[in-house]
> 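One structure, as structure tokens, below. Some questions next.
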Amino acid sequence: MENHLELTVAKKRAREDPDWVCSENDSDCENVDVPALQQELAKLRKENLTLKKMLKQAYDGQPAAVAVAPEMSAEAIKNSAERLLKSLATSIKNQMVYKPSLKHGTSRVSVEIPNLSLPEVEALMGKDLYASASKGKKQVSVLAKEDALDQLFGCYALRKSLRYGSELYLKEGLKMIYSKETRVLKATGSCAMSR
């Protein structure tokens, strides 16, 4: 019991001061095998360095989220893109709601789609829209204007009819930004009302 108490005191002291090392002549560590603990610590540090080197070589400097993206067939990517487009259109239309402030201004719509690979984003945007996108090391961004939206979602897909001939629409198009690090596609736009 006394040995256990001494070991507990040594652990507590080590937690409080991370730079503290148990030495052989320390009163808190009389019955602790210091050389064995130091060898074990050296072994763990060496394993840690080896694992870090292996991870760096495996990912070639890419973020882990990008490097472990599962491989998908072309058919699976196409099906996923169609499903995501439908979901994106539904989410945007659900946020397009009449408000009295729309008579003189706009309201913001925003949708985030997580866990997308770059091929899925390319399929979701379509060849023409993806070709016009600005592609950087960290993100892909594009502003889809009205004609590109009609081509992408189909005619009048992102419009919502109201009473008395009014309708809600995306005023300046839809800005899509895909982050390669977080693998999230964020689509934002401004909803306005036409009379």
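For the numbers below, each heavy atom of this structure counts, side chains included, while hydrogens, waters and symmetry mates do not. Just so you know, these numbers come straight off a predicted model, no measurement behind them.
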> Could you tell me the separation between the CD atom of E167 and the OG atom of S194, rounded to the nearest 0.5 Å?
4.5 Å
> Determine, stepwise, if the pair V140 / Y130 fulfils side chain to side chain contact (heavy atoms under 4.5 Å, CB included).
CA-CA 9 Å; V140 175; Y130 188 78; 4.0 Å; yes
> Of all heavy-atom pairs between V184 and P114, which one has the smallest distance, and what is that distance?
CG2-CA, 4.1 Å
> Run through V109, L158, L102 and flag the one making a side chain to side chain contact (heavy atoms under 4.5 Å, CB included) with L168.
L102
> Between R108 and S190, is there a donor-acceptor pair closer than 3.5 Å when you use the side chain of the first and the backbone of the second?
no
> Heavy-atom distance under 4.5 Å between the side chains of L143 and L174, does that happen here?
no
> Which residues satisfy the side-chain contact (heavy atoms from CB on, under 4.5 Å) test with L88, sequence neighbours excluded?
I92, V111, I113, F153, A187
> Run the side chain to side chain contact (heavy atoms under 4.5 Å, CB included) test on L44 and E40 for me, step by step, so that the C-alpha distance in whole Å, both residues' side-chain angles and the decisive distance to 0.1 Å come before the verdict.
CA-CA 6 Å; L44 289 172; E40 184 69 25; 4.2 Å; yes
> Any chance you could measure S87, atom OG, to E82, atom CD, to the nearest 0.5 Å?
13.5 Å
> Around atom NZ of K135, are there more than 12 heavy atoms from other residues, nucleotides or ligands closer than 6.0 Å?
yes
> Can a donor-acceptor pair be found between the side chains of S110 and T188 at a distance below 3.5 Å?
no
> Roughly how far, to the nearest 0.5 Å, is the CG atom of L149 from the OH atom of Y169?
13.0 Å
> Please say whether the positively charged group of K138, taken as NZ for Lys or CZ for Arg, lies over the ring of Y178, i.e. under 6.0 angstrom from the six-membered ring centre and within 45 degrees of the axis.
no
> Find the distance between OG1 (T182) and CD (E112) and round it off to the nearest 0.5 Å.
8.0 Å
> Would you say the side-chain atoms of K160 pair up with the backbone N or O of K93, donor to acceptor, closer than 3.5 Å?
yes
> To the closest 0.5 Å, what do you measure between CE (M193) and OG (S107)?
11.0 Å
> List in chain and number order the residues that pass side-chain contact (heavy atoms from CB on, under 4.5 Å) with S73, two or more places apart in sequence or in another chain; answer none if no residue qualifies.
E75, A76
> Could you tell me which residues satisfy side-chain contact (heavy atoms from CB on, under 4.5 Å) with N94, sequence neighbours excluded, listed by chain and number?
T90
> Do Q151 and D147 have side chains that get closer than 4.5 Å, going by heavy atoms?
no
> Just how far is it from atom CG of L84 to atom CD1 of I77, taken to the nearest 0.5 Å?
11.5 Å
> With a 4.5 Å limit on heavy-atom distance, are the side chains of M176 and K186 in contact?
no
> Would you say the side chains of E47 and T50 form a donor-acceptor pair under 3.5 Å?
no
> Which heavy-atom pair separates T106 from A192 by the least distance, and what is that distance?
CG2-CB, 3.9 Å
> Give the minimum heavy-atom separation between V142 and S132, together with the two atoms involved.
CG2-OG, 3.8 Å
> I'd like to know if the side chain of E120 and the backbone of S117 have a donor-acceptor N/O pair within less than 3.5 Å.
yes
> Near E146 CD, under 6.0 Å, is it more than 12 heavy atoms from other residues, nucleotides or ligands?
no
